[in-house]
Amino acid sequence: MVHGNICCKNVLVARKGLEEGSSPFIKVSDPGISFTVLTREERVERIPWIAPECVQNVNKLSLGADKWSFGTTVLEICCHGEVPLKERTLSEKERFYEMKGKLPEPSCKELADLNSQCHSYEANQRPSFRTILRELTMLQQQNPDISCENSVPTVSDPTVFLKRYLKKVRDLGEGHFGKVGLYIYDPFNDGTGEVVAVKSLKSECGEELHTSWTREIEILKTLYHDNIVKYKGSSSEQGGQIVQLIMEYLPLGSLRDYLPKHAVGLGQLLLFAKQICQGMSYLQSQRYVHRDLAARNVLVENENVVKIGDFGLAKAIPEHQDYYRVKDDGDSPVFWYAVDCLKEGKFNFASDVWSFGVTLYELLTYCETRQSPPAKFIEMIGVTHGQMTVVRLIELLERGQRLPCPKSCPLEVYQLMNKCWESDPVRRPPFQELIPVFQKLYERYKRIETSNILQKL
Ligand code: ADP
Ligand code: MG
């Protein structure tokens with residue numbers, strides 16, 4: 001029988017055994033809810049107890065997995081209940097396993113050897129419990145009072161990237177404040193390194209931007225969702241200032257790079273729209289307002305998955321306060337902003353919904369430059385400069401004018417855009433409600449597309 005959740009929390013103390021003449025006695029208790037119903041996120045939370053092979057695949061739960069968990073439990077015992085990797089975020093934990101990170105070892109050498117076998121990344125190389133028992137008994141006989149170290153041994157940090165091992169391959173793109181490049185991180189210098197996307201602040205950026213930069217890194221570190229770009233770590237200059245953000249590389253680039261060059265069906269566009277809503281809904285559950293949702297900031301993983309990126313302007317809004325006032329909007333992407341943002345500098349969840357409407361418009365125009373939101377709005381207001389553009393844009397939106405319906409965009413989808421562009425923020429649909437709407441639309445249009453293809457054959 002496999003237990004599936006061996007850890008100190010599931011070991012009950014029947015007798016402390018500290019009194020003269022008594023010995024300690026413990027009992028393993030039940031594993032709690034069934035392992036197979038855990039979500040992927042819950043499984044990642046169980047790192048470092050869960051065996052690496054079980055993070056990806058629940059069906060890999062085996063006696064081998066119990067051996068790994070046993071090793072971690074021994075560590076907890078040796079460290080007086082301190083939990084290894086406790087402070088790590090979910091993506092850091094996941095990365096620790098991906099990089100085959102080594103967990104700390106008990107200070108007693110023989111116990112450390114045994115434990116490192118339990119923590120082998122190859123499940124079939126972990127010793128059997130019979131062997132473990134034999135070794136432990138032997139150890140105990142040789143060493144009646146093995147004492148363990150008080151302090152927690154240190155783990156080498158997989159989220160720290162040393163600048164000298166980052167080799168640039170090429171530029172990937174740049175936006176308002178940052179530029180992103182493709183790099184290989186190759187500490188062994190033997191071509192086995194991993195491909196990563198590295199974002200750095202543009203050199204002309206001033207001191208004040210460093211604060212929002214550090215904030216972007218702090219935000220991305222805490223986020224964990226299938227539709228949000230994954231943080232891998234950071235690299236810092238001597239002196240400790242964080243200069244580069246390391247994230248997963250998405251080879252297909254942003255929607256703006258992808259859509260004009262690929263034959264994408266309406267079904268696929270609606271699937272992307274749904275995923276953006278899922279990512280945004282998660283962000284909202286973490287109380288973050290993105291403030292810069294646009295096709296250029298949505299990255300494409302493959303033809304079925306997109307992820308929200310670029311948290312440069314995102315700010316955590318404190319609970320009980322439903323907006324954040326922007327002081328300096330000099331460089332803002334105004335054509336994606338809700339009319340209330342333009343007028344009062346108020347950003348909230350509803351203004352993200354407005355920007356989503358503009359992003360949906362971009363999706364349905366396949367990010368074609370001539371139909372871009374700035375191009376279309378300027379067509380409507382005439383060429384103006386600086387603050388005047390904002391004044392004209394506000395006038396236009398207040399007259400009730402909106403971006404036009406993109407060619408071949410179904411009316412019901414255009415109606416959804418217009419709902420996101422309601423003047424009154426409370427009338428805009430929340431992301432949570434948009435998810436099932438896009439799911440249904442996706443299924444319907446996918447079916448239509450498939451039957452059209454079949455008819456042609
Ligand atoms: P900025 O804050 O300067 O707008 P972004 O994070 O939006 O920077 O990145 C700028 C561009 O770089 C994106 O539009 C995209 O084309 C490219 N890019 C960003 N991150 C990645 C990534 N992880 N993988 C691939 N391309 C990326
Ligand atoms: Mg950007």
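Just so you know, ligand 1 is whichever comes first in the structure, and atom 1 is the first atom listed for that ligand.
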Do the side chain of Y185 and the main chain of L162 share a donor and acceptor less than 3.5 angstrom apart?
-> yes
Does ligand 1 have a heavy atom under 4.0 Å from the side chain of L182, from its backbone, from both, or from neither?
->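 For L182, there is no contact with ligand 1 at all, from either part.
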Ligand 1-proximal atoms of D292, by part, heavy-atom distance under 4.0 Å =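 Neither; nothing of D292 gets under 4.0 Å from ligand 1.
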Identity of the nearest option to [atom], non-hydrogen atoms only, from [options]:
{"atom": "atom 21 (C) of ligand 1", "options": "L299, D310, V300, I246", "answer": "L299"}
{"atom": "atom 23 (N) of ligand 1", "options": "K307, E248, R256, R296", "answer": "E248"}
{"atom": "atom 22 (C) of ligand 1", "options": "A294, G178, A197", "answer": "A197"}

Presence of N, O or S from N297 under 2.8 Å of the Mg ion (ligand 2) =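 Checking N297: at least one N, O or S atom is under 2.8 Å.
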The Mg ion (ligand 2) to nearest N/O/S of D310 less than 2.8 Å = yes
Just by distance, with hydrogens left out, do E94 and Y224 show a side-chain donor and acceptor under 3.5 Å apart?
->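 Yes, a side-chain donor-acceptor pair sits under 3.5 Å.
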Do you see a donor-acceptor pair shorter than 3.5 Å between the side chains of S355 and H290?
->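 Short answer, no.
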Looking at W421, does the NZ or CZ of R427 lie under 6.0 angstrom from its six-membered ring centre and within 45 degrees of the ring axis?
-> no
Work out which heavy atom in L259 is nearest to a heavy atom in F272; give both atom names and the distance.
-> CD2-CE1, 4.5 Å
Element-labelled atoms of ligand 1 that are located less than 4.0 Å from some non-hydrogen atom of N297 |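 This gives 7 (O) as the contact atoms.
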Looking at E248 and K307, does any basic side-chain N land under 4.0 Å from a carboxylate oxygen?
->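 A salt bridge is present here (some side-chain N lies under 4.0 Å from a carboxylate O).
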